Protein chains: 2
Amino acid sequence: MATSYLNSNADGPRTLVDKVYVQLRAAIMDGDIEPGAKISEPELAKNFGVSRSSLREAIAKLESSNLVERQANVGARVVTLSNESLLEIYQVRESLEGLAARLAAENMTDAEIEHLHSLLNLQSKCGKSISRAEYKSVDFDFHYCIVLGSHNERLIRMLSRDLFELVHFYRKKFSGSGPRPDQALIEHTEIVAAIARRDGEMAEVMMRHHIRAAREHAKKSFTSEHHTIPGSLDK
Amino acid sequence: MATSYLNSNADGPRTLVDKVYVQLRAAIMDGDIEPGAKISEPELAKNFGVSRSSLREAIAKLESSNLVERQANVGARVVTLSNESLLEIYQVRESLEGLAARLAAENMTDAEIEHLHSLLNLQSKCGKSISRAEYKSVDFDFHYCIVLGSHNERLIRMLSRDLFELVHFYRKKFSGSGPRPDQALIEHTEIVAAIARRDGEMAEVMMRHHIRAAREHAKKSFTSEHHTIPGSLDK
DNA sequence: TGCGACGGTATTGTCGACAATCTGCCCAAA
DNA sequence: TTTGGGCAGATTGTCGACAATACCGTCGCA
């Protein structure tokens, strides 16, 4: 019931390339492959036990998910995570998820709103007796639920395909700059209330505020953090 | 000097796949391949004179540009353009380009603002003595210039890679619901003024208004248009 | 000693062939 | 006549090999 969104493929990867894609993505997100590290096609193909063609196609998918960058005749590298690009992502999220919240208030079905309430309950109940990873999962499901509630396919695809995987990536990497569980719960509650009363304007305002607060929180933890990023020194 | 944005590759395609990608994209946008049409790998590979592998990689890129959709073991089809999805795109653009305008007001260099002015001049001078295609090109350069002026790499990539090609596609297809040149020029002028005086809030408001107006214009022309889309009848 | 050309090695780009899956048609049974 | 299964053709998925390019250490020369 948790786990949520990473399985956009209905029932398991249907093709070899998909399997490799999922595994490679996990390897990147878990840090088994360092950010900025080169991706060697022959080596990885052997590791996964597939041909280079399949691996190349998987890499292409990773590239379209913004997790790796390719250069012609040179190769692919895992993206490097800079503080600046994280702040950029927050800016885009503020705009896009604000839109999602407004549309969700207008378009969500009653059943969807009910589900949103249950997610909120879950979040408030487990309180602090929960690991950081679990908290992040709950928090993520909440945001994702609202995005789905927008009923705007284009918006859903842009957020889930192009942004959320990067967000996950960052969260795994910067496990510092921890969440603000208490404040976040309050803000989530306000957002749900606005959606439930079909107040799109307010839902958008609250969501934007919520994300901007998270951005400022991250920003602050950067400046106090000596300006260095773990893993940013290797060429 | 126009032509503008479609050449994100610095100096021509460096690889075969890129060449095929560019040609295929052009073929789709020019309507040489109908929306919703199936893409046969063996046939197209022969037409382009390349192997299926290269063609497949090009198709994967098209898919990440949202111009084709693939299904495992079935094949790829050119996306179908529905009125609803066009309206969805307008919604996302309103949010994202609004953000771009605000950031542009904050971050554009004086030289960039100067360039923006020159684009505006160009648009106002040629007036009506200009073909529709040329007008669209000028209009597009204007929007793209502001997006670049945001100096937010993530935003730039999302707009240009994931949205603008679709926008072009729609414009080529629905050449009806023509532009509103006079009104658009007024709105563009206001946006530039706001940016030039570094008024981010106002720039965002104006840009959102501008795009919402275009959306309403398109919506209106749909309802008056008998509810049919050209080329939507073939399975 | 430092700089630039050269060559070997490894990696990426491209290709054609084989295997797995789907599509459409035909035929048989109810 | 209709429905279901199965066969044949075509299309997609996967693979390994060859060609082109980039990387790196060496050598020669100023």
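Below, read A as the first sequence line, B as the second, and so on, with proteins coming before strands; counting in each chain starts at 1. In this text, all values refer to a predicted model and were calculated from it rather than measured experimentally.
With rounding to whole Å, B:Lys61 atom NZ is found 13 Å from C:dG13 atom C1'. If you measure from atom CG of B:Asn73 to atom P of C:dG24, you get 15 Å, rounded to the nearest angstrom. Separating the CD atom of B:Gln71 from the P atom of C:dA20 is a distance of 22 Å, rounded to the nearest angstrom.
Smallest separation of non-hydrogen atoms from B:Asn66 and B:Leu166: O-CD2, 3.6 Å.
For the pair B:Asp162 and A:Arg161, the salt-bridge criterion is met [side-chain N within less than 4.0 Å of a carboxylate O]. Salt bridge annotation for B:Lys61-B:Asp18: present, with a cationic side-chain nitrogen under 4.0 angstrom from a carboxylate oxygen. One finds no salt bridge joining B:Glu94 and B:Arg215 here, because no Lys/Arg side-chain nitrogen approaches an Asp/Glu carboxylate oxygen to under 4.0 Å. A salt bridge links A:Glu69 to B:Arg157: at least one charged side-chain nitrogen sits closer than 4.0 Å to a carboxylate oxygen.
In terms of modelled atom types and a separation under 3.5 Å, the side chain of B:Ser65 and the main chain of B:Leu67 share no donor-acceptor contact.
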**Request:** Would you mind building the protein contact string for nucleotides 14-19 of chain D? One character per nucleotide, 5' to 3', B for base within reach (heavy atoms under 4.0 Å), S for sugar-phosphate only, - for untouched.
**Result:** BBB---
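A:Arg102 CZ to A:Ile146 CD1: the interatomic distance, rounded to the nearest 0.5 Å, is 14.0 Å.
Considering only residues two or more places apart in sequence or on other chains, A:Arg56 meets the salt bridge (Lys or Arg N to Asp or Glu O under 4.0 Å) condition with A:Glu41, B:Glu57.
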Protein N or O to nucleotides 8-11 of chain D N or O, pairs below 3.5 Å:
none

